[in-house]
Asker: 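I am attaching a structure below and will ask some questions about it afterwards.
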Amino acid sequence: MTTVRIPADWPATEAEARAVQDELRGRVILDEPGPPPGTGCVTGVDVAYDDERGVVAAAAVVLDAATLAVVAEATAVGAVSFLYVPGLLAFREIPTVLAALEALHRAPGVVVCDGYGLAHPRRFGLASHLGVLTGLPTIGVAKNPFTFAHAEPDTPRGSTAPLFAGADEVGRALRTQAGVKPVFVSVGHRVSLDNACAHTLALAPKYRIPESTRRADALCRVALRETVARPGPPTP
DNA sequence: GCGACAG
DNA sequence: ATCTTGTCGC
């Protein structure tokens, strides 16, 4: 597991962070369909926190898209780099997530983030940000609708309803299990919304949350516990 | 102005 | 995100 330092130029204030989003937003690529679902690899990323100690742990888990078998995984830990502010989540997670992705010794394929991409107050959520920084195809799959409006998708698995920010369609509510609360899918970088939903559905054959996110969630919790329970904290 | 608000 | 017991079900 690698340890990361907060970048020297990391935003310190909310205004600086918003300015970074406004600057990077223009680099998002929205006109590529992305890799076909069910082929190649898909990578889930997630983080866990110990706010008392200011420690964050990230995990990246690579799955074979066809079988959902785990083919690679990596973790990273570091100091919390930003406080949680709705709309600025990426600044809390990205340094450690980047380190985990870099520790992977294979191509991640599509990266599935636990949060939003285009569905964001400034249309630049975690998945968009991670995509621009890495150049990788990314999508966002969130568990809550945030501030966005949506109709209830039909009961069958695979049903969708558009997610609206005012009149803009910024994503979809996707029912991954019949009769169970939907997840909220939005485009990150270099993947179409149709493909993002297809990937998400393929990753959730049995549970509401995509297998990629479930695996990454479990792994980053282990990584957090191991570093917190060990002498010699990673905080310089 | 007040509250809500991805993780 | 995180704090938390028991409980229902495969």
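Note that this is a predicted model, so its numbers are computed, not measured. Chain letters run A, B, ... following the sequence lines, proteins first and then strands; every chain starts at 1.
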Asker: Quick one: label A:G87 by what it contacts on the DNA or RNA (base, sugar-phosphate, nothing), any heavy atom closer than 4.0 Å.
Answerer: base
Asker: Apply side-chain contact (heavy atoms from CB on, under 4.5 Å) to A:R215 and list each qualifying residue two or more places apart in sequence or on a separate chain.
Answerer: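 So A:R215 forms a side-chain contact (heavy atoms from CB on, under 4.5 Å) with A:V61, A:L63, A:V70, A:E211.
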Asker: Pairs under 3.5 angstrom only: tabulate donor-acceptor contacts from the side chains of residues 26-47 of chain A to other protein residues two or more places apart or in another chain.
Answerer:
residue : atom : partner : partner atom : Å
A:E32   : OE1  : A:R190  : NE           : 2.9
A:T39   : OG1  : A:P36   : O            : 2.8
A:T43   : OG1  : A:P108  : O            : 2.8

Asker: Tell me, what's DNA chain B's dot-bracket, Watson-Crick or G-U with both distances under 3.5 Å, | for other-strand, [ ] crossing?
Answerer: .......
Asker: Following the transitive rule for hydrophobic clusters with a side-chain heavy-atom cut-off under 4.5 Å over Ile, Leu, Val, Met, Phe, Trp and Tyr, establish whether A:L83 and A:V20 coincide in one cluster.
Answerer: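 Yes: a chain of side-chain contacts under 4.5 Å links A:L83 to A:V20.
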Asker: Test of understanding: clusters of I, L, V, M, F, W, Y form through side-chain heavy atoms closer than 4.5 Å, transitively. Do A:L118 and A:V132 belong to the same one?
Answerer: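 They do not share one cluster, since no chain of ILVMFWY contacts under 4.5 Å joins A:L118 to A:V132.
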Asker: Chain A on DNA chain B: first and last contacting nucleotide, 5' to 3', under 4.0 Å to a heavy atom?
Answerer: B:dC5 to B:dG7
Asker: Applying salt bridge (Lys or Arg N to Asp or Glu O under 4.0 Å), which residue pairs with at least one partner in residues 126-141 of chain A are found, sequence neighbours left out?
Answerer: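 For residues 126-141 of chain A: none.
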Asker: Between which residue ranges does DNA chain C form stems of three or more consecutive Watson-Crick or G-U wobble pairs, both distances under 3.5 Å?
Answerer: none
Asker: Give one of base, sugar-phosphate or nothing for A:L83, where a contact means two heavy atoms less than 4.0 Å apart.
Answerer: nothing
Asker: Under the side chain to side chain donor-acceptor pair (under 3.5 Å) rule, what pairs show up with a residue in residues 97-107 of chain A, not counting sequence neighbours?
Answerer: none
Asker: Can you pull the salt bridge (Lys or Arg N to Asp or Glu O under 4.0 Å) pairs that have at least one residue in residues 10-20 of chain A, sequence neighbours excluded?
Answerer: A:E14-A:R18
Asker: What residues form a side-chain contact (heavy atoms from CB on, under 4.5 Å) with A:T138, not counting sequence neighbours?
Answerer: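 A:T138 satisfies side-chain contact (heavy atoms from CB on, under 4.5 Å) with A:V111, A:A127, A:H189 only.
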Asker: Applying salt bridge (Lys or Arg N to Asp or Glu O under 4.0 Å) as the test, list every pair that has at least one member in residues 162-172 of chain A; sequence neighbours left out.
Answerer: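 Found A:R123-A:D168, A:E169-A:R172, A:R172-A:D194.
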Asker: Could you list the donor-acceptor pairs under 3.5 angstrom formed by side chains in residues 179-187 of chain A, with sequence neighbours left out?
Answerer:
residue : atom : partner : partner atom : Å
A:K181  : NZ   : A:N144  : OD1          : 3.3
A:S186  : OG   : A:G117  : N            : 2.8

Asker: Could you encode protein contacts along nucleotides 3-10 of chain C as a string, one character per nucleotide from 5' to 3', using B for base contact, S for sugar-phosphate-only contact and - for no contact, with a heavy-atom cut-off of under 4.0 Å?
Answerer: --------
Asker: Salt bridge check, A:D217 against A:R214: does any charged N sit closer than 4.0 Å to a carboxylate O?
Answerer: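 Answer for the salt bridge query: no.
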Asker: Touch check for A:Y116, heavy atoms < 4.0 angstrom, all strands: base, sugar-phosphate only, or nothing?
Answerer: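 Counting heavy atoms under 4.0 Å across all strands, the contact made by A:Y116 includes a base.
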